[in-house]
Amino acid sequence: MNKLFTGVFLFFSTLFSCQQKGEFKSLSVNDFESLIEASDVQRLDVRTLAEYSEGRIPASININVLDDSFAAIADSTLQKDRPVAVYCRSGKRSKKAADILSERGYQVFELDKGFNAWQQAGKTIEQ
């Protein structure tokens, strides 16, 4: 009986430890581009202001995910009833932002390899 309990415990702890904190979907560059064509999708750049100023996906707003007040700024800026398409430089910070936003009730889609992949694919950027 002890082995059975241990096995069941390990199964459930493995199952739950592998899940993301929030619920969001990571998209390829082409899928992300298709998503943001919809007028109701909010485009969110979570890089620093300096990075954002050097170039961005058109019509994106900037909220630095590394700012301590990221969640509060996002809540006062974004609408929860509209999807959020989030990106950063390489995909690491956008996953962090996607976790935070999805836990707060937003429907979030994240650009998997970030703005670097967007640029490498020759997609439109604005300065």
Side-chain angles (χ1 to χ4, degrees):
M1 196 69 162
N2 216 1
K3 285 184 179 180
L4 177 62
F5 175 77
T6 303
V8 171
F9 174 77
L10 286 174
F11 170 77
F12 281 107
S13 64
T14 303
L15 177 70
F16 292 111
S17 67
C18 293
Q19 294 185 358
Q20 300 172 358
K21 286 187 260 174
E23 294 287 327
F24 65 88
K25 185 165 176 70
S26 293
L27 301 176
S28 68
V29 169
N30 289 333
D31 289 343
F32 193 84
E33 182 181 43
S34 295
L35 172 76
I36 65 174
E37 287 176 358
S39 62
D40 68 326
V41 175
Q42 303 168 94
R43 302 174 188 193
L44 178 61
D45 184 320
V46 296
R47 300 175 297 161
T48 64
L49 183 56
E51 290 172 300
Y52 177 78
S53 299
E54 292 172 0
R56 62 198 157 273
I57 294 174
S60 297
I61 61 168
N62 177 241
I63 307 172
N64 183 355
V65 71
L66 301 178
D67 188 318
D68 289 338
S69 56
F70 171 77
I73 296 168
D75 281 344
S76 67
T77 306
L78 301 172
Q79 298 172 28
K80 285 190 178 175
D81 62 343
R82 293 174 52 204
V84 179
V86 63
Y87 69 94
C88 66
R89 182 177 49 84
S90 65
K92 185 175 179 182
R93 287 174 285 174
S94 60
K95 286 173 179 54
K96 176 181 178 175
D99 264 340
I100 293 167
L101 294 172
S102 63
E103 285 180 351
R104 298 178 77 80
Y106 294 90
Q107 180 185 16
V108 184
F109 299 90
E110 178 265 337
L111 180 55
D112 187 35
K113 304 282 190 226
F115 189 68
N116 288 345
W118 183 269
Q119 284 183 294
Q120 289 170 354
K123 302 299 182 183
T124 303
I125 63 169
E126 66 181 19
Q127 298 292 327

Under 3.5 Å, side chain of [X] to main-chain N/O of [Y], donor-acceptor pair present?
X: W118; Y: K113; result: no
X: N62; Y: R47; result: yes
X: K80; Y: D75; result: no
X: T77; Y: A74; result: no
X: S69; Y: A72; result: no

If you measure from [atom1] on [X] to [atom2] on [Y], what distance do you get to the nearest 0.5 Å?
X: L44; Y: Y87; atom1: CG; atom2: OH; answer: 8.5 Å
X: L27; Y: S34; atom1: CG; atom2: OG; answer: 9.0 Å
X: E54; Y: Q127; atom1: CD; atom2: CD; answer: 8.5 Å
X: D67; Y: T48; atom1: CG; atom2: OG1; answer: 11.5 Å
X: Q120; Y: F115; atom1: CD; atom2: CZ; answer: 11.0 Å

Within one Ile-Leu-Val-Met-Phe-Trp-Tyr cluster: [X] and [Y], side-chain cutoff 4.5 Å:
X: V84; Y: I57; result: no
X: I63; Y: L66; result: yes
X: V108; Y: V65; result: yes

Discussion item. Would you say that more than 12 heavy atoms from the other residues, nucleotides or ligands in this model lie under 6.0 Å from the CG of D40, or not?
Written reply: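 For D40, atom CG is crowded (more than 12 foreign heavy atoms under 6.0 Å).
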
Worksheet item: Has R56 got its NZ or CZ under 6.0 Å from the middle of the six-membered ring of Y52, at an angle within 45 degrees of the ring axis?
Response: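 Yes.
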
Worksheet item: Does R93 pair with E51 as a salt bridge, N-O distance under 4.0 Å?
Response: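 So R93 pairs with E51 through a salt bridge.
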
Give me the atom names and distance for the closest heavy-atom approach of [X] to [Y].
X: A59; Y: E126; answer: N-OE2, 3.5 Å
X: S94; Y: C88; answer: N-SG, 3.2 Å
X: L35; Y: A85; answer: CD2-CB, 4.0 Å
X: F24; Y: D99; answer: CE2-OD1, 3.4 Å
X: I125; Y: P58; answer: CA-CD, 4.1 Å
X: S39; Y: R82; answer: O-NH2, 3.7 Å

Discussion item. Test side chain to side chain contact (heavy atoms under 4.5 Å, CB included) on I61 and Q42; report intermediate values, then the result.
Written reply: CA-CA 8 Å; I61 61 168; Q42 303 168 94; over 6 Å; no

Practice prompt. Applying side chain to side chain contact (heavy atoms under 4.5 Å, CB included), run through L101 and F70 and close with a yes or a no.
Written response: CA-CA 10 Å; L101 294 172; F70 171 77; 4.2 Å; yes

Item to complete: Could you walk me through whether F109 and V86 pass the side chain to side chain contact (heavy atoms under 4.5 Å, CB included) test, one step at a time?
Response: CA-CA 6 Å; F109 299 90; V86 63; over 6 Å; no

Item to complete: Kindly determine whether N30 and K123 satisfy side chain to side chain contact (heavy atoms under 4.5 Å, CB included), including the steps that lead there.
Response: CA-CA 9 Å; N30 289 333; K123 302 299 182 183; 3.0 Å; yes

